[in-house]
Chemist: 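I have a structure here, written as structure tokens, and I will follow up with some questions on it.
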Amino acid sequence: EVQLQASGGGLVQAGGSLRLPCAASGITFDDYAIGWFRQVPGKEREVVACSSSSDGTTYYAPSVKGRFTISRDNAKDTVYLQMKRLKPDDTAVYYCAANSNLGHSSYYYSSAAVYDYWGQGTLVTVSS
């Protein structure tokens, strides 16, 4: 019954912004570590950002640090990835994920292998 659904993807020009929501059902995001990942054809899935509510910290991949922000809206049981100053290299399918183990630092959740639940990806295309 656990479901995660990422949405909000689309086509945007370089320098623009997008906000990707990830809605949860069957779990409460407040009790989980959250990760955002992206994948380009021919490459492995890579972390964009991840956080632990218990830790209170967030890890951002060097390629997006300063441009992307992860946040939570516990009332809506939704996690957001705010993307600003988008670049063509940001073009990818974006995924949200959740992990029930909160006993690690934020960086631990940068590995896709540690996640229990995954949402359906949403495609972000950035034109130059």
Side-chain angles (χ1 to χ4, degrees):
E1 287 295 329
V2 176
Q3 293 185 351
L4 305 179
Q5 181 61 57
S7 59
L11 176 63
V12 62
Q13 291 186 320
S17 301
L18 281 176
R19 189 188 189 194
L20 307 181
C22 177
S25 63
I27 65 170
T28 301
F29 267 139
D30 190 46
D31 299 325
Y32 287 74
I34 303 299
W36 281 94
F37 293 78
R38 66 187 183 187
Q39 188 166 25
V40 176
K43 299 186 66 176
E44 294 186 353
R45 191 169 300 182
E46 65 177 7
V47 66
V48 174
C50 52
S51 67
S52 170
S53 58
S54 295
D55 191 316
T57 63
T58 303
Y59 170 82
Y60 293 96
S63 60
V64 307
K65 189 174 183 179
R67 299 188 297 118
F68 291 11
T69 303
I70 190 172
S71 63
R72 303 176 185 231
D73 186 335
N74 292 330
K76 297 181 178 180
D77 207 16
T78 301
V79 173
Y80 301 90
L81 181 67
Q82 177 65 246
M83 306 185 294
K84 299 180 179 179
R85 302 192 303 280
L86 284 162
K87 305 174 181 179
D89 286 347
D90 294 320
T91 296
V93 176
Y94 285 73
Y95 302 85
C96 62
N99 188 319
S100 62
N101 187 355
L102 297 176
H104 300 87
S105 63
S106 295
Y107 184 75
Y108 170 84
Y109 303 102
S110 65
S111 173
V114 308
Y115 286 87
D116 303 307
Y117 309 108
W118 289 87
Q120 190 71 30
T122 185
L123 176 63
V124 173
T125 302
V126 184
S127 63
S128 60

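We're numbering straight along the sequence, starting at 1.
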Chemist: Just how far is it from atom CD of Gln39 to atom CD of Glu46, taken to the nearest 0.5 Å?
Modeler: 9.0 Å

Chemist: To the nearest 0.5 Å, how far apart are OH in Tyr32 and CG in Asp77?
Modeler: 10.0 Å

Chemist: With ILVMFWY side chains joined below 4.5 Å, transitively, what does Leu11's cluster contain besides itself?
Modeler: none

Chemist: Taking all heavy atoms of Ala23 and all of Phe29, pick out the closest pair and write down the distance.
Modeler: C-CE1, 4.2 Å

Chemist: Can you find a heavy atom in the side chain of Asn101 that is under 4.5 Å from one in the side chain of Asp116?
Modeler: no

Chemist: Please report the shortest heavy-atom distance between Val47 and Ala61, naming the atom on each side.
Modeler: O-CB, 3.4 Å

Chemist: Taking all heavy atoms of Ile34 and all of Ala98, pick out the closest pair and write down the distance.
Modeler: CD1-CB, 4.1 Å

Chemist: Using 0.5 Å steps for rounding, measure from the CG atom of Asp30 to the CZ atom of Arg72.
Modeler: 6.5 Å

Chemist: Is it true that atom CD of Gln82 has more than 12 heavy atoms of other residues, nucleotides or ligands lying nearer than 6.0 Å?
Modeler: yes

Chemist: Looking only at non-hydrogen atoms, find the nearest pair between Val124 and Leu18 and report the distance.
Modeler: CG1-CD1, 3.8 Å

Chemist: Nearest 0.5 Å please: distance from the OH atom of Tyr117 over to the OG atom of Ser100.
Modeler: 6.0 Å

Chemist: Which heavy atom in Tyr115 sits nearest to a heavy atom in Gly35, and how many Å separate them?
Modeler: OH-CA, 3.3 Å

Chemist: Output the distance between atom OG1 (Thr78) and atom CG (Leu20), rounded to the nearest 0.5 Å.
Modeler: 12.5 Å

Chemist: Tell me which pairs pass ring pair (Phe, Tyr, Trp, His ring centres under 6.0 Å) where either residue lies in residues 60-80, with sequence neighbours left out.
Modeler: none

Chemist: Look up atom OG in Ser51 and atom CG in Leu102, then write down how far apart they are to the nearest 0.5 Å.
Modeler: 9.5 Å

Chemist: Which heavy atom in Ala14 sits nearest to a heavy atom in Ser128, and how many Å separate them?
Modeler: CB-CA, 4.4 Å

Chemist: So do the side chains of Pro21 and Lys76 get within less than 4.5 Å of each other, counting heavy atoms only?
Modeler: no

Chemist: For the pair Trp118 and Phe37, name the ring-plane relationship: parallel under 30°, tilted 30 to 60°, perpendicular over 60°.
Modeler: tilted

Chemist: Can you give me every donor-acceptor pair (side chain of residues 85-93, partner residue at least two apart or in another chain, under 3.5 Å) with its distance?
Modeler:
residue : atom : partner : partner atom : Å
Arg85   : NH2  : Gly66   : O            : 2.8
Asp90   : OD1  : Arg38   : NH1          : 2.9
Asp90   : OD1  : Arg67   : NH2          : 3.0
Asp90   : OD2  : Arg67   : NH1          : 2.7
Asp90   : OD2  : Arg67   : NH2          : 3.4
Asp90   : OD2  : Lys87   : N            : 2.8
Thr91   : OG1  : Pro88   : O            : 3.0
Thr91   : OG1  : Val126  : N            : 2.9
Thr91   : OG1  : Val126  : O            : 3.4

